[in-house]
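Note that the coordinates shown come from a computational prediction; the quantities given were computed from them, not determined experimentally. Whatever order the structure lists them in is the order used to number ligands and atoms, beginning at 1.
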Amino acid sequence: MNRTIIAGIGSYVPDNVVTNEELTQFMDTSDKWIQERTGIKERRYVRRFEQTTATIGAEAAKIAIERAGITAGDIDFVIFATLSPDYFFPGCGVLVQRILGLKDVGALDVRNQCSGFLYGLSIADQFIKTGMYKNILLIGAEVHSYAMDFSTRGRNVSVIFGDGAGAVILQPSPDQERGILSTHLHSDGADAEVLSMPNPGFHAGAHRPEWRPPIPPQKYGGIFITQDLLDKEDFYPYMDGQAVFKKAVVKLPEVVQEALNANDYQPRDLALLIPHQANLRISQFVQQALKLNDDQVFNNIQKYGNTTAASVPLALCEAWEKGLVKEGDLVCLAAFGSGFTWGSALLKW
Ligand code: UT7
């Protein structure tokens, strides 16, 4: 059976750099707090009214396509992972298909937040291994800057997240010494709301009676966006940071170890671990738990913040560009986030 290889990788970040200091204009925070608690120094925000998740995803895709030595016309399937789609529906998959001029190929949208890229990679791996597709474009892209609360109320979320995109081209290879060795996906919806953006949504308070909107005057409709919701400005992402942190530092090492065990490897065999860039302190916990050296773990959250579905391909791309990922290297990708959902992929570059 063929293995799935990453034949090309690309990334894109907007040129608008936003420092921690700039955020102090809008909220009660400080460069010191942000760096100490998260490691983040700056992040990127898209050009307002011009760029979107789909457009920056397409920019990353163009680079990945070129580096794979193919043309857009060779792509036979698209997978787009994001939590910040341009539209409620349709998803970013078809928008990127339109931007890149891909004709009639399937486009799938993945809604798994921080682990969206890992879920997408696992799906692509199955399609490639079965011989269904030959050139899959997988994108992880995110525009957080349009939807965050930049007042002090939302500071625990808004200082962390940034905009960016990463993309890969996945192809079959008969070489059994290369490519994706395994993928491992998990979820636990018990704490679905701990990191969530429920509004505006179609839940009508069904999961949480305390979130039930006032009964609208008309019999049908009218509970998607209520005046009450607008008055309370209750339409921003919510995060119980400590709850997420505590779970992440357990599940991430666990899912990396699961990938290593499945392939008879030890942590010391890893050339590079690319953890989801959620918080530098989380990465450091993971590194300690697995007893990895500094040069075995790659982080770039300092420059981009947490870009959720884009963070793993953005970091992998930068590591590859710096020559830190070489042919034959054992590389592990791992992510944990909202849902909760988490996963890992072990690959030989
Ligand atoms: O990618 C998806 C997964 N997401 C994550 O993995 C995020 C995981 N969680 C985290 O990274 C951390 O929990 C945060 C960085 C979000 C927060 O750090 P923390 O050390 O857990 O802080 P905290 O939430 O316990 O808050 C400590 C204090 C609070 O003040 P009081 O109650 O002690 O007076 C917060 O109000 O820090 C305050 N605080 C801030 N202060 C300055 C919260 N956000 C900020 C801020 N600037 N931006």
Considering the heavy atoms of Ile160, write down every atom of ligand 1 situated less than 4.0 Å from one of them.
15 (C), 16 (C)
Ligand 1 to Val159, heavy atom cutoff 4.0 Å, flagged ligand atoms 48 (N)
Per-atom contacts, ligand 1 versus Asn306 - under 4.0 Å to a heavy atom:
1 (O), 2 (C)
Does atom 34 (O) of ligand 1 have any protein heavy atom closer than 4.0 Å?
no
Is there a protein heavy atom at a distance of less than 4.0 Å from atom 27 (C) of ligand 1?
yes
Checking the side chain of Ser158 only, and the main-chain atoms of Gly154 only, is there a donor and an acceptor separated by less than 3.5 Å?
yes
Strictly below 4.0 Å, N to O, side chains only: are Glu321 and Arg67 in salt-bridge contact?
yes
Would you check if there is a donor-acceptor pair between the side chains of Gln277 and Asn306 at a distance under 3.5 Å?
no
Arg37 N/O to ligand 1 N/O under 3.5 Å:
yes
Give yes or no for whether the N/O distance cutoff of 3.5 Å, strictly under, is met between Gln242 and ligand 1.
yes
Closest to atom 44 (N) of ligand 1 among protein heavy atoms sits Trp33 CH2, 3.3 Å
When only distance counts, is Gly241 in polar contact with ligand 1, meaning an N/O pair under 3.5 Å?
yes
Determine, stepwise, if the pair Phe117 / Phe80 fulfils ring pair (Phe, Tyr, Trp, His ring centres under 6.0 Å).
CA-CA 8 Å; Phe117 185 81; Phe80 202 120; over 10 Å; no
Given 3.5 Å as the limit, does a donor-acceptor pair link the side chain of Asn199 with the main chain of Asp234, or not?
yes
Short check: is a protein heavy atom less than 4.0 Å from atom 13 (O) of ligand 1?
yes
What I want to find out is whether Glu36 reaches Arg281 closely enough, with some N-O distance under 4.0 Å, to be called a salt bridge.
no
With heavy atoms of Cys114 as the reference, note each atom of ligand 1 found under 4.0 Å away.
1 (O), 2 (C)
Taking both backbone and side-chain atoms of Thr38, is any N or O found less than 3.5 Å from an N or O belonging to ligand 1?
no
Considering all protein heavy atoms, does one lie under 4.0 Å from atom 31 (P) of ligand 1?
no
Using distance alone, decide if ligand 1 has a nitrogen or oxygen within less than 3.5 Å of any nitrogen or oxygen in Thr308.
no
Any salt bridge between Arg208 and Glu193, counting N to O under 4.0 Å?
yes
Identify, by atom number and element, the atoms of ligand 1 in contact range of Val244, meaning under 4.0 Å from any of its heavy atoms.
3 (C), 4 (N), 5 (C), 6 (O)
